[in-house]
Amino acid sequence: MSSEIPTRADLAALPSYVPGASVPGAIKLASNEVPGGPLPSVAEAIARATAEANRYPDMAATALVERLSAELDVATNRIAVGCGSVSLCQQFVQATCHPGEEVVFAWRSFEAYPIVTQVGNATPVRVPLTHSHTHDLDAMLAAITPKTRLVFVCNPNNPTGTTVDRQELTRFLDRVPPHVVVVLDEAYREFVTDADVPDGLEFARARRNVAVLRTFSKAYGLAGLRVGYAIAAPELVDAVRKVYVAFSVNAVAQAAAIASLDAKEELLARCADMALERERVRDTLLELGYEVPPTQANFVWLPLGERTMAFAEHALEHKVVVRPFAGEGARVTIGTPSENDVFLEAARSF
Ligand SMILES: *Cc1c(COP(=O)(O)O)cnc(C)c1O
């Protein structure tokens, strides 16, 4: 006799996270990674940490939290670390939502938001981007109901690269009810060059319901090691720490994150070079006749609509892997200048 194993029926409807593809021999511009591997000093710290892999990691990531506290001038009780900021996104849902409560976010935005929301038994509320591919903050405000517990604002937005400025964000935060938590996801903060795009810390310091998410995966080049952090009011940080999967930020990641902060100047100089490449790539695409929204991240968005999948296939024929969202557009990470040239040639011949 067969019997059903009683897993959650709603999981069947869960969208799965589609990671950027890796194709052997092809240039990967699909996952917003930086092209360079760890600096020698970071690689050494990683090697040293692996020698003690028989030991459990420091569950509180004390040294990393203290270091971040000094770097950011934020008290240690306002910092939570997580196994990548994806994990922190999920922790925020778990820390704020009862079953059936609502999480508001823009769409399209980071594909993890609907997943972590549903995993957390909460209900996703997607608010379409404006025609210029930016967050529609007024519509997001209007989407807040008595059931809303959490709002994600991804700034710059993944996958469009667009931003909300200080004035727009201030006006929005002034209107969000104080019991609704706003998470400002700043995974791409270090790539921002426009002074009108606010540092979310300004808001997290001053407002009890605002949190900032940052990661070592992007500008700091540690995507493979999984470590990110949140900054928020101590009560919120306490709740987020409660739903932390024990020991999930491993010891190698903690050591590598500290070593990356030691090498901050050098890593941020790479970001400045990337920003120049970003403008070169965007300008060239514009000259070729593509629509490309202004971007402050390490990628460009090509809203190609129905031509998206054909574009991605064409790029692949030229040995470049981009990240297509069928029917919407393609996101293309900025790589090294020569990688970008290969991509631009593909774009030219599409
Ligand atoms: C890449 C990314 C993250 C970071 O994810 P990690 O889990 O830290 O690797 C978070 N938010 C957005 C919007 C991203 O694009």
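No hydrogens, no waters, no symmetry mates; every other heavy atom, side chains included, goes into these values.
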Between [X] (side chain) and [Y] (backbone), is there a donor-acceptor pair under 3.5 Å?
X	Y	result
E339	T336	yes
Q254	V249	yes
S69	V65	no
N340	G335	yes
R226	N250	no
H314	A347	no
D136	T130	no
R67	T62	no
H133	L129	no

Just wondering, do [Y] and [X] contact through their side chains at under 4.5 Å, heavy atoms?
X	Y	answer
V119	L14	yes
V245	S87	no
H98	K147	no
V321	L316	yes
V237	I79	no
L268	Y220	yes
L141	V176	yes
Y229	S85	no

Would you mind checking if [Y] and [X] are paired as a salt bridge, meaning a charged N to carboxylate O distance below 4.0 Å?
X	Y	result
R270	E266	no
E52	R55	no
D138	R175	no
R149	E102	no
R166	D194	no
E168	R171	no
E190	R214	no

**OP:** Evaluate the ring planes of F311 and F350, with Trp represented by its six-membered ring, and classify them as parallel (under 30°), tilted (30 to 60°) or perpendicular (over 60°).
**Re:**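 Perpendicular, since the angle between the ring planes exceeds 60°.
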
Which atom of [X] lies closest to which atom of [Y], heavy atoms considered:
X	Y	answer
L72	R205	O-NH2, 2.5 Å
L304	A330	CD1-CB, 4.5 Å
A143	V125	CB-CG1, 4.2 Å
H318	S349	NE2-OG, 3.4 Å
M140	V153	CE-CG2, 4.4 Å
V227	T215	O-OG1, 3.6 Å

**OP:** Go through the structure and list residues passing ring pair (Phe, Tyr, Trp, His ring centres under 6.0 Å) with Y244, not counting sequence neighbours.
**Re:**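 Ring pair (Phe, Tyr, Trp, His ring centres under 6.0 Å) list for Y244, sorted by chain: empty.
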
Taking atom types as modelled, is there a side-chain donor on [X] or [Y] under 3.5 Å from an acceptor on the other?
X	Y	result
E101	T123	no
R278	T193	yes
T163	N155	no
N32	Y188	yes

Subject >> The single option from L302, N158, V300, T160 passing side chain to side chain contact (heavy atoms under 4.5 Å, CB included) against R331 >> reply: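 Passing option: N158.
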
Original post:
Testing S109, P124, C89 for side chain to side chain contact (heavy atoms under 4.5 Å, CB included) with F152, which one passes?
Top reply: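 For F152, the side chain to side chain contact (heavy atoms under 4.5 Å, CB included) check succeeds only for C89.
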
**OP:** Kindly write out the residues that satisfy side-chain contact (heavy atoms from CB on, under 4.5 Å) with V240, not counting sequence neighbours, or none if the list is empty.
**Re:**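 For V240, the residues satisfying side-chain contact (heavy atoms from CB on, under 4.5 Å) (neighbours in sequence not counted) are A80, L88, Q91, F92, A95.
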
Hey, what do you get for [atom1] ([X]) to [atom2] ([Y]), rounding to the nearest 0.5 Å?
X	Y	atom1	atom2	value
L261	L68	CG	CG	5.5 Å
L150	T96	CG	OG1	4.5 Å
W301	L285	CH2	CG	14.0 Å

Subject >> side chain to side chain donor-acceptor pair (under 3.5 Å) against R126, all qualifying residues, sequence neighbours excluded >> reply: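 R126 satisfies side chain to side chain donor-acceptor pair (under 3.5 Å) with no residue once adjacent residues are dropped.
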
**OP:** Evaluate the side-chain contact (heavy atoms from CB on, under 4.5 Å) criterion for residues L184 and L169: first the C-alpha distance (whole Å), next the side-chain angles of each, then the deciding distance (0.1 Å), finally the verdict.
**Re:** CA-CA 10 Å; L184 305 174; L169 193 55; 4.1 Å; yes

Subject >> Ring centre gap for F105 and F110 strictly below 6.0 Å >> reply: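 Ring-ring flag for F105/F110: false, centres at least 6.0 Å apart.
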
Original post:
Could you go step by step and tell me if V181 and V151 meet the side-chain contact (heavy atoms from CB on, under 4.5 Å) rule?
Top reply: CA-CA 6 Å; V181 172; V151 180; over 6 Å; no

